[in-house]
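Side chains are part of it too, since the values below use all heavy atoms of this structure and drop only hydrogens, waters and symmetry mates. Letters go in sequence order (proteins before strands), and every chain restarts at 1.
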There are 2 protein chains.
Amino acid sequence: MNFRAVDVAQTKSATEIVFDSLRQAIIMGELEDGAPLRQEEIAKAFNTSRIPVREAIARLEQLGLVETRRYKGAVVAAITNDEFDEIFDLRALVESDAIRRAVPMMTRASLVLARSCHEDFAKATAPEAWPDLNRKFHCSLYGAAQAPNYLKVINGLLDRLDRYLRVQLCLTDGMERATREHEAILSACESGDAERAASLTYDHVQGVKASVLDYLKTKRDQA
Amino acid sequence: MNFRAVDVAQTKSATEIVFDSLRQAIIMGELEDGAPLRQEEIAKAFNTSRIPVREAIARLEQLGLVETRRYKGAVVAAITNDEFDEIFDLRALVESDAIRRAVPMMTRASLVLARSCHEDFAKATAPEAWPDLNRKFHCSLYGAAQAPNYLKVINGLLDRLDRYLRVQLCLTDGMERATREHEAILSACESGDAERAASLTYDHVQGVKASVLDYLKTKRDQA
DNA sequence: AGACTTTATATTGGATACAATCTTTAATCA
DNA sequence: TGATTAAAGATTGTATCCAATATAAAGTCT
């Protein structure tokens, strides 16, 4: 296994580097569900000792990205279908309210930024970049609300979902549809209609959930 | 400084014991905002080394309960007025939706439990027990929704607010009013009216927020 | 005296070493 | 052979030691 350090700036401690890199690897799906995180192995990969690795894993556990059992180590935390459903509902709830708060505070600059993110997403061809660009677009909208705790909750939820979204994207019209729905949300923001933006965001998230659950269902039926 | 271990069961690692104890101490307000968490000192108090302490602090930081700066250590994370407002809004949003989901799934047993928690809260005389009993009551209602992620988010928000609520309680009619509002919420649940329960919960949380902000404002004006 | 430099101390970040526990393999017995 | 037990190896949990950095105190120069 070969991890690459996310940021090698000297202002970051080894713990932070390991944490960021592992988090990224999990979000990106480079580590499958249930994959064990061996401390020694990771320490070697980062050319450090086990201490920073342990602290990084402790943090990941708080985020719900890994599960650890005493003397058995940590594994990437899988998600049940019920949890999947639940987390999407939370997203829809919190993100729609976040955008409702954000719209009245949006400036010309923040709208320009958001449209730029939207275009980056629409033009993206590489599936592995999709979740990140999607997140950037949504957060560029929510950012105007100046609500760090909303963002923290939202990012925590996305962290746990991202790696499941990539697979689905390649097999459906997800990308095209997402772009269309993003455009609608963005234009609602530009016209200052907070309630419409909130409603569209809610439907967008619920739509993605339905699409993913449907995909998982058909895949299970085939097996 | 003298911490007491929350749970000394041998199935818990030192890291977990330190984590639980520190978290409890912060929530309970035994450690003031900005109070430094010296690793050596804590390690001595728990009769252990600094390693488990460091891991515990790393976890607390993920939860937003402490802030650490390289080579300067961790301090209990204070909260700005804006954040206070924001976190209460999040609570109102998520808790009202949690109870909306929970009501249709409540059983006779879960309602009995909730009423018991309600009575424990109503009868409580010691202010230091209030936040915990309040949380138990609310969570006994949300529990029926079988939504662990909702609960996790809610508990994370409460963790950051609890220590600020105690002070306010002693100086207002907060306790009496909370009991009255809890009774209304509970009876909405008992009659199976999810929308009313949700609406009452939303107003309850927003009411507490207004009361606390008002208290803080008058206190600041006096100074 | 006051400002700057230097040294000493305190504190955190990390590495190595050891102990506790789990897992796997080998050995033993029916 | 198959099951059971015992030993070896792997892996995590913790303690101790050293390094890096920050803070505080003492010293020096003008």
>> One character per nucleotide, please: for nucleotides 6-11 of chain D, 5' to 3', B when the base has a protein heavy atom closer than 4.0 Å, S when only the sugar-phosphate does, - otherwise.
In response: -----S
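As rounded to whole Å, 14 Å separates atom P of D/dT23 from atom CZ of B/Arg70. Computed from coordinates, the B/Glu40 CD to D/dT16 C1' distance equals 11 Å when rounded to whole Å. Atom CD in A/Glu67 sits about 16 Å away from atom P in D/dT12, given to the nearest Å. In this entry the distance linking CD1 of B/Ile42 with C1' of D/dT14 reads 17 Å, nearest Å. Distance, B/Lys12 NZ to D/dG13 P: 15 Å, rounded to whole Å.
Contact between the side-chain N/O atoms of B/Thr15 and the OP1/OP2 oxygens of D/dT14 is found at a separation under 4.0 Å.
Every residue two or more places apart in sequence or in another chain that forms a salt bridge (Lys or Arg N to Asp or Glu O under 4.0 Å) with B/Asp162 is listed here: B/Arg135. Remark: B/Ala74 pairs with B/Leu37, B/Ile57, B/Val66, B/Thr68 by the side-chain contact (heavy atoms from CB on, under 4.5 Å) rule, at least two apart or across chains.
A heavy-atom distance below 4.5 Å is not found between the side chains of B/Arg163 and B/Met28. Between A/Leu161 and A/Phe84, the closest side-chain pair of non-hydrogen atoms falls below 4.5 Å. At least one side-chain heavy atom of A/Asp89 sits less than 4.5 Å from a side-chain heavy atom of A/Lys209. At least one side-chain heavy atom of A/His182 sits under 4.5 Å from a side-chain heavy atom of A/His204.
Applying the ring pair (Phe, Tyr, Trp, His ring centres under 6.0 Å) rule to pairs touching residues 48-74 of chain B yields nothing, sequence neighbours excluded.
Around NZ of A/Lys44, the count of heavy atoms belonging to other residues, nucleotides or ligands within 6.0 Å does not exceed 12. For B/Asn47, the CG atom is loosely surrounded, since the number of other residues' heavy atoms within 6.0 Å does not exceed 12. Heavy-atom neighbours of A/Lys217 NZ from other residues, nucleotides or ligands within 6.0 Å: at or below the threshold of 12.
Of all nucleotides in DNA chain C having an atom under 4.0 Å from a heavy atom of chain B, the first and last in 5' to 3' order are C/dT11 to C/dA15.
No side-chain donor-acceptor contact under 3.5 Å links A/Glu86 and B/Tyr150.
A/Thr48 comes within 4.0 angstrom of the backbone, heavy atoms only, and of no base.
Of the residues in residues 50-58 of chain B, B/Arg50, B/Ile51, B/Arg54 come within less than 4.0 Å of DNA chain C through at least one heavy atom, sorted by number.
Summary of the strand contacts: B/Ala74 and A/Asn47 both lie near DNA chain C, and taking for each the nucleotide with the nearest heavy atom, the more 5' one is attributed to B/Ala74.
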